[in-house]
Amino acid sequence: MHYQHVCIEALGYSLPSEVLTSEEIERRLAPLYRRLKLPEGRLELMSGIRERRFWPVGTRPSDGSIASGRMALEAAGLDPAEIGCLIHGSVSRDQLEPATACRVHHELGLPRECQVYDVSNACLGMLSGMIQVANLIELGQIRAGLVVGSEDSRPLLEGTIAALNGNQSLTRASVKPAFASLTIGSASAAVLLVHRDISRTGNRLTAAAARAHTAHHGLCAGDHSAAEQMLMETDSEELLLQGLATGAATFADFLEATDWSPGEIDKSICHQVGSTHQRQMLEAIGLPLARDYATYPWLGNTGSVALPVTLALAVERGFIGEQEQVALLGIGSGINSLMIGVDWQRSPVQSPAALPRPHFAELAAPHSPAP
């Protein structure tokens, strides 16, 4: 996939203020930890995630998406009437129907001629939405499009804790599929794409590559249980192994599509799973850890919004600068992978007035910055 006319014009994001640390999760899992004699500190040690965030009870996914979308529009100074397509790309939705994008469209005051729909593709939902909007712009069908999403981790994480404490038959082996569910966090993001003729940033989306290794679709699956709890089972070890293979194969296609070499990639943003995934993925594709920006230590795995939120923070905090080639390295259960190349120049990033601070203090390494 090649693009000549598409720019990432602005980014927006929203973060919840309620923090849940890995230490607190382990305290809430004390009955399970005592029975199975699990060592404390295991969750953070294995994932590299110290904390994640919750939206207030009763918050709808569209609430965060409206806020993030408004921030992106204001940052770009773009008239909402210019938006020809709105996509809501997160796993979390307000309801099955109508599309969550409908309320976002209404609250943002977007035009009636705008296409409005949801996209569901696990952790790739927002990136898939970006490609759909990019295609519409490249074909000349629209001049600008907005992709938004908000993930709400509270139902999954609280349901998992309740299920683990309530199941007395669990063993150290059978508890493993629930581990990934304890790393999930909440956040919201928006990406505004425009035709380069109306862009003020020149952040041109140059090319993209996608792969679908769907023989592994059963390695991570989430749904509501009979008790209406949101639960997810993940074969973390096999998912990591097959995910790395899928990512490496996609990256080879990505280099061909962009006509870049690994050494010409100035910065990268990976999907935010955890420390092991970040390190091994970058090693597998030959990119240095120091050029990759990470938010998982204090946001956890925020699903479809993880990569765009991290991109927004990387730009806002100066990690990504002018005239840099940036690789967006997406991967999601399925297993699917989507990687996008951007010739970055500059971008306004509208951020919340009060950015939540992490509940830990340390010197920020380039690859794992504290907010």
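All residue numbers refer to positions in the sequence shown, counting from 1. All values below were derived from every heavy atom in this structure, side-chain atoms included, with hydrogens, water molecules and symmetry-related copies excluded.
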Chemist: Run the side chain to side chain contact (heavy atoms under 4.5 Å, CB included) check on M281 and V273 step by step: do they pass?
Modeler: CA-CA 11 Å; M281 175 57 74; V273 178; over 6 Å; no
Chemist: If you look at every heavy atom in C85 and Y117, which pair is closest and at what distance?
Modeler: SG-CE2, 4.0 Å
Chemist: For the residue pair A134 and L205, what are the closest heavy atoms and their distance?
Modeler: CB-CD1, 4.4 Å
Chemist: Would you find more than 12 non-hydrogen atoms of other residues, nucleotides or ligands less than 6.0 Å from E24 atom CD?
Modeler: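 Count over threshold, so yes.
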Chemist: Under the criterion side chain to side chain contact (heavy atoms under 4.5 Å, CB included), I'd like the reasoning laid out for Q168 against R35: C-alpha separation, chi angles, the key distance, then a yes or no.
Modeler: CA-CA 9 Å; Q168 299 301 307; R35 188 170 63 80; 3.6 Å; yes
Chemist: Measure the CG-CG distance between L282 and D292 for me, rounded to the nearest 0.5 Å.
Modeler: 4.5 Å
Chemist: Side chain of D152, backbone of S92: donor and acceptor closer than 3.5 Å?
Modeler: no
Chemist: Keeping H271 on the side-chain end and L307 on the backbone end, is there a donor-acceptor pair under 3.5 Å?
Modeler: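 Looks like no, no N/O pair under 3.5 Å.
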Chemist: Spell out, as yes or no, whether a donor-acceptor pair under 3.5 Å connects the side chain of Q278 to the backbone of Q272.
Modeler: no
Chemist: If I compare all heavy atoms of I285 with all of G247, which pair ends up nearest, and what's the gap?
Modeler: CG2-O, 4.4 Å
Chemist: For F254, which residues count as a ring pair (Phe, Tyr, Trp, His ring centres under 6.0 Å) partner, sequence neighbours excluded?
Modeler: F251, W260
Chemist: Determine the minimum heavy-atom distance between P16 and F54, stating which atoms define it.
Modeler: CB-O, 2.9 Å
Chemist: Can you tell me how the ring of Y293 sits relative to the ring of F319, calling it parallel under 30°, perpendicular over 60° and tilted otherwise?
Modeler: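 Geometry flag for F319 against Y293: tilted rings.
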Chemist: Please report the C-alpha distance between Y3 and L193 in whole Å, then the side-chain angles of each, then the deciding distance to 0.1 Å, and finally whether the side chain to side chain contact (heavy atoms under 4.5 Å, CB included) criterion is met.
Modeler: CA-CA 12 Å; Y3 300 92; L193 299 103; over 6 Å; no
Chemist: Please check if L73 and I142 belong to a single hydrophobic cluster, counting links between Ile, Leu, Val, Met, Phe, Trp and Tyr side chain heavy atoms closer than 4.5 Å.
Modeler: no
Chemist: Heavy-atom distance under 4.5 Å between the side chains of L108 and R70, does that happen here?
Modeler: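 Result yes, sub-4.5 Å side-chain heavy-atom pair found.
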Chemist: What distance do E283 atom CD and L289 atom CG have between them, rounded to the nearest 0.5 Å?
Modeler: 8.5 Å
Chemist: Below 4.5 Å, heavy atoms only, C-beta onward: do I87 and V133 meet side chain to side chain?
Modeler: yes
Chemist: Are N135 and Q132 side-chain neighbours, meaning at least one heavy-atom pair lies under 4.5 Å?
Modeler: no
Chemist: In this structure, which one of R53, R28, R154, E51 forms a side chain to side chain contact (heavy atoms under 4.5 Å, CB included) with L20?
Modeler: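 Single side chain to side chain contact (heavy atoms under 4.5 Å, CB included) partner of L20 among R53, R28, R154, E51: R28.
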Chemist: Counting only heavy atoms not in N167 (residues, nucleotides, ligands), do more than 12 fall under 6.0 Å from its CG?
Modeler: yes
Chemist: Using a 4.5 Å cut-off on heavy atoms from C-beta on, say whether the side chain of Q115 contacts that of L136.
Modeler: yes
Chemist: Determine whether a donor-acceptor pair (N or O, by modelled atom type, separation under 3.5 Å) exists between the side chain of E151 and the backbone of S90.
Modeler: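 Such a contact is absent between E151 side chain and S90 backbone.
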Chemist: Do the side chains of R346 and E322 get close enough for a salt bridge, i.e. N-O under 4.0 angstrom?
Modeler: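 A salt bridge is absent here (no side-chain N lies under 4.0 Å from a carboxylate O).
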Chemist: Does either side chain, that of T183 or that of S47, offer a donor lying less than 3.5 Å from an acceptor on the other one?
Modeler: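 Note: T183 and S47 side chains miss the donor-acceptor criterion.
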Chemist: Working to the nearest 0.5 Å, report the span between CD1 of I83 and SG of C114.
Modeler: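 Interatomic distance, I83 CD1 to C114 SG, rounded to 0.5 Å: 7.0 Å.
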Chemist: Please evaluate residues D259 and T206 with respect to the criterion side chain to side chain contact (heavy atoms under 4.5 Å, CB included), reporting the C-alpha separation (whole Å), side-chain torsions for both, the decisive distance (0.1 Å), and the verdict.
Modeler: CA-CA 10 Å; D259 196 27; T206 60; over 6 Å; no
Chemist: Determine yes or no for a side-chain-to-main-chain donor-acceptor pair under 3.5 angstrom, with D343 supplying the side chain and Q325 the backbone.
Modeler: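 No, D343 side chain to Q325 backbone: no donor-acceptor pair under 3.5 Å.
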Chemist: Starting from M71, can I reach V194 by hopping between I/L/V/M/F/W/Y residues whose side chains sit under 4.5 Å apart?
Modeler: no
Chemist: When you look at CD of E40, are more than 12 heavy atoms from neighbouring residues, nucleotides or ligands closer to it than 6.0 Å?
Modeler: no
Chemist: Using modelled atom types only, decide if a donor and an acceptor are shared between the side chain of D94 and the backbone of S62 within a distance under 3.5 Å.
Modeler: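 Looks like yes, one N/O pair under 3.5 Å.
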Chemist: Give the minimum heavy-atom separation between M130 and V147, together with the two atoms involved.
Modeler: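 Closest pair (atom of M130, atom of V147, distance): N-CG2, 3.8 Å.
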Chemist: Can you confirm whether T100 sits close enough to S65 that some side-chain heavy atom of one is under 4.5 Å from a side-chain heavy atom of the other?
Modeler: no
Chemist: What I want to check is whether the side chains of T310 and T295 have a donor and an acceptor closer together than 3.5 Å.
Modeler: yes
Chemist: Do R52 and I25 come close enough that some side-chain heavy atom pair is under 4.5 Å?
Modeler: yes
Chemist: With a 4.0 Å cut-off, would you call D63 and R103 a salt bridge?
Modeler: yes
Chemist: Tell me whether L311 is reachable from L313 by hopping between hydrophobic residues (I, L, V, M, F, W, Y) whose side-chain heavy atoms are closer than 4.5 Å.
Modeler: yes
Chemist: Do I320 and I269 come within less than 4.5 Å of each other through their side chains, counting heavy atoms only?
Modeler: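 The answer is yes, as the side chains (C-beta and beyond) meet within the 4.5 Å cut-off.
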Chemist: For H106, I'd like to know if atom NE2 has over 12 heavy atoms of other residues, nucleotides or ligands within 6.0 Å.
Modeler: no
Chemist: In Å, rounded to the nearest 0.5 Å, how long is the span from CD of E107 to CD1 of I66?
Modeler: 4.5 Å
Chemist: Treating E82 as the side-chain partner and D79 as the backbone partner, does any N or O pair qualify as donor plus acceptor under 3.5 Å?
Modeler: no
Chemist: Ignoring hydrogens and geometry beyond distance, is a side-chain donor-acceptor pair present between T201 and Q345 at under 3.5 Å?
Modeler: no
Chemist: Work out which heavy atom in E18 is nearest to a heavy atom in W55; give both atom names and the distance.
Modeler: OE1-O, 4.2 Å
Chemist: Considering residues, nucleotides and ligands other than L96, do more than 12 of their heavy atoms fall under 6.0 Å from its CG?
Modeler: no
Chemist: With distance as the sole test, does H5 use its side chain to make a donor-acceptor pair with the main-chain N or O of R204 at under 3.5 Å?
Modeler: no
Chemist: When you group the ILVMFWY residues by side-chain heavy-atom contacts below 4.5 Å and let the links chain together, are I8 and L124 in the same group?
Modeler: yes
Chemist: Say you draw a straight line from CD1 of I49 to CG of L299; how long is it, rounded to the nearest 0.5 Å?
Modeler: 9.5 Å
Chemist: Any heavy-atom pair between the side chains of M126 and V305 that's under 4.5 Å?
Modeler: yes
Chemist: Answer yes or no: is there a donor N or O on one side and an acceptor on the other, between the side chain of R93 and the main chain of A99, under 3.5 Å?
Modeler: no
Chemist: If you group Ile, Leu, Val, Met, Phe, Trp and Tyr by side-chain heavy-atom gaps below 4.5 Å, do L36 and Y33 land in one group?
Modeler: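 In one cluster with L36: Y33, yes.
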Chemist: To the nearest 0.5 Å, what is the distance between OG (S22) and CG (L29)?
Modeler: 11.0 Å
Chemist: When you measure from the side chain of S68 to the backbone N and O of S14, does any donor-acceptor pair fall under 3.5 Å?
Modeler: yes
Chemist: Could you list the residues that satisfy side-chain hydrogen bond (donor to acceptor under 3.5 Å, both in side chains) with S174, not counting sequence neighbours?
Modeler: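 S174 satisfies side-chain hydrogen bond (donor to acceptor under 3.5 Å, both in side chains) with T171 once adjacent residues are dropped.
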